[in-house]
Amino acid sequence: MNNYLVALEGMKTLLVEIESPLEGFKKKQYPDHFHFLYEKSIPMLDAIEAVYTSVIEPEAFLDNMASAMVESALEKLENCKKRSQKENLMMDLNMSMAIYVFPILLEYKGKSTQPLVDKLLAKWKEAFPKSNLQAAKYEYIEQGFHKKFCYITTAVCETFHKPDNCYELTLLRNYRDDYLANQPDGEELIRAYYDMAPTIVKHISQRRDAGQIYAQIWEEYLSPCISMIEEGDPQGCQNLYIKMVETLKESYFYLS
């Protein structure tokens, strides 16, 4: 099989073959899972680089590669019969793109890498206008288990000039990893949060009254959540957490 076909087939299958992205997205499992997928993708990445550096129209080639991945996602979505199934699959696809596909492409560090990522971001946004994907490297995401991924809490604490390893953030991260992720619906909640929170924070932070909004989030949701965890009421914290995400989603997620 020539390099073009290897590249095309790899782009068609890389995303849609990632099942249940949250299963491997845990502090101890993510590095091994990522590197397994990266090693598996090297023949595709080598083929893309070989074609990109040899064809007359490299931009058109990358356009075809990006289109192949987006079309495979659209085809998989079309096979969903129920709206709820389609919504869940869309969240899985967005998460797979963010924590696996883009980091895999960026890990390669070839001449084709950044142009392909740029093409793919543009094609994905065109196909899924409500998505707010950003391309991040593996190192940034892996470090996120220690620092980020509490987007809203982090934004609030930054407003109060609290360090990234402050007591409140550490407590809530431990709650997320040790309690929430192990509940029957915990992974679904975390996945939905991951899908929405970056956009919510972006829209709040663009407002002139962002500081007031973050202070209100602290008073109404985060401070009571912390008290519930300290008092041994993790379920109460979960209920308030769900209310916070739903309220912020309605107020800030759908802004243009």
Side-chain angles (χ1 to χ4, degrees), residues 1-73 76 92-128 131-149 151 154 164 194-195 197-199 201-202:
M1 189 181 295
N2 64 38
N3 283 327
Y4 184 91
L5 293 179
V6 171
L8 183 63
E9 186 62 24
M11 290 296 287
K12 284 181 177 179
T13 59
L14 173 59
L15 171 63
V16 296
E17 288 185 350
I18 299 173
E19 300 287 347
S20 303
L22 263 178
E23 287 186 5
F25 193 57
K26 297 179 176 67
K27 186 187 299 184
K28 295 181 180 179
Q29 296 162 307
Y30 179 62
D32 287 342
H33 195 48
F34 169 80
H35 286 107
F36 169 78
L37 291 173
Y38 176 70
E39 293 295 327
K40 185 179 177 182
S41 302
I42 285 178
M44 175 198 75
L45 297 167
D46 285 341
I48 291 172
E49 185 74 2
V51 177
Y52 177 77
T53 56
S54 63
V55 294
I56 296 174
E57 297 183 353
E59 293 300 312
F61 164 69
L62 293 184
D63 195 85
N64 290 340
M65 296 299 103
S67 295
M69 181 170 286
V70 172
E71 288 166 7
S72 69
K76 192 168 184 178
D92 275 348
L93 290 171
N94 276 325
M95 189 162 193
S96 295
M97 289 289 290
I99 65 177
Y100 292 118
V101 174
F102 285 128
I104 284 170
L105 297 178
L106 291 168
E107 186 76 4
Y108 189 73
K109 300 179 179 69
K111 293 181 179 179
S112 62
T113 296
Q114 194 59 54
L116 177 57
V117 168
D118 293 342
K119 287 279 187 184
L120 192 50
L121 275 170
K123 290 285 184 182
W124 195 267
K125 184 66 176 177
E126 182 181 336
F128 310 110
S131 68
N132 188 43
L133 287 184
Q134 297 181 9
K137 294 181 180 180
Y138 162 77
E139 290 84 358
Y140 175 82
I141 295 175
E142 196 280 327
Q143 289 169 5
F145 285 107
H146 313 287
K147 296 182 179 181
K148 303 294 181 184
F149 296 142
Y151 289 101
T154 299
D164 192 70
Y194 183 91
D195 191 58
T199 300
V201 168
K202 182 185 77 171

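- Note that the CE atom of M65 and the CG atom of L116 stand 9.0 Å from one another [nearest 0.5 Å].
- Taking 4.5 Å as the limit, every side-chain heavy atom of P115 sits out of range of all side-chain heavy atoms of D118.
- Minimum heavy-atom separation, P31 to H35: O-ND1, 2.8 Å.
- With rounding to the nearest 0.5 Å, the separation of OG1 in T113 from CD1 in I104 is 12.5 Å.
- With rounding to the nearest 0.5 Å, the separation of CZ in F34 from CD in Q29 is 16.0 Å.
- Between V101 and L14, some side-chain heavy-atom pair lies under the 4.5 Å cut-off.
- Using a 4.5 Å heavy-atom threshold, the side chains of M11 and I48 count as touching.
- Between atom CG of residue D32 and atom CG of residue L37 there is a gap of 11.0 Å, rounded to the nearest 0.5 Å.
- More than 12 heavy-atom neighbours from other residues, nucleotides or ligands sit within 6.0 angstrom of NZ on K109.
- Counting heavy atoms from C-beta outward, K123 and S67 have side chains that approach closer than 4.5 Å.
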Working note: M44 + E9, criterion side chain to side chain contact (heavy atoms under 4.5 Å, CB included); need CA distance, chi angles, decisive distance, verdict. CA-CA 8 Å; M44 175 198 75; E9 186 62 24; over 6 Å; no

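- A 6.0 Å sphere centred on NZ of K12 holds no more than 12 heavy atoms belonging to other residues, nucleotides or ligands.
- Ring planes of H33 and F36: parallel class, angle under 30° (limits at 30 and 60°).
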Between E107 and K137, does a side chain to side chain contact (heavy atoms under 4.5 Å, CB included) hold up when you go through it step by step? CA-CA 7 Å; E107 186 76 4; K137 294 181 180 180; 5.9 Å; no

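- The salt bridge (charged side-chain N to carboxylate O under 4.0 Å, His left out) search around E59 returns K119, not counting sequence neighbours.
- Paired with Y138 under the rule ring pair (Phe, Tyr, Trp, His ring centres under 6.0 Å), one option of Y38, Y30, F102, Y108 passes, and it is Y30.
- Between the CG atom of L45 and the CD atom of E39 there is a distance of 10.0 Å, given to the nearest 0.5 Å.
- Residues L8 and F61 are not in side-chain contact: their nearest non-hydrogen atoms beyond the backbone lie 4.5 Å or more apart.
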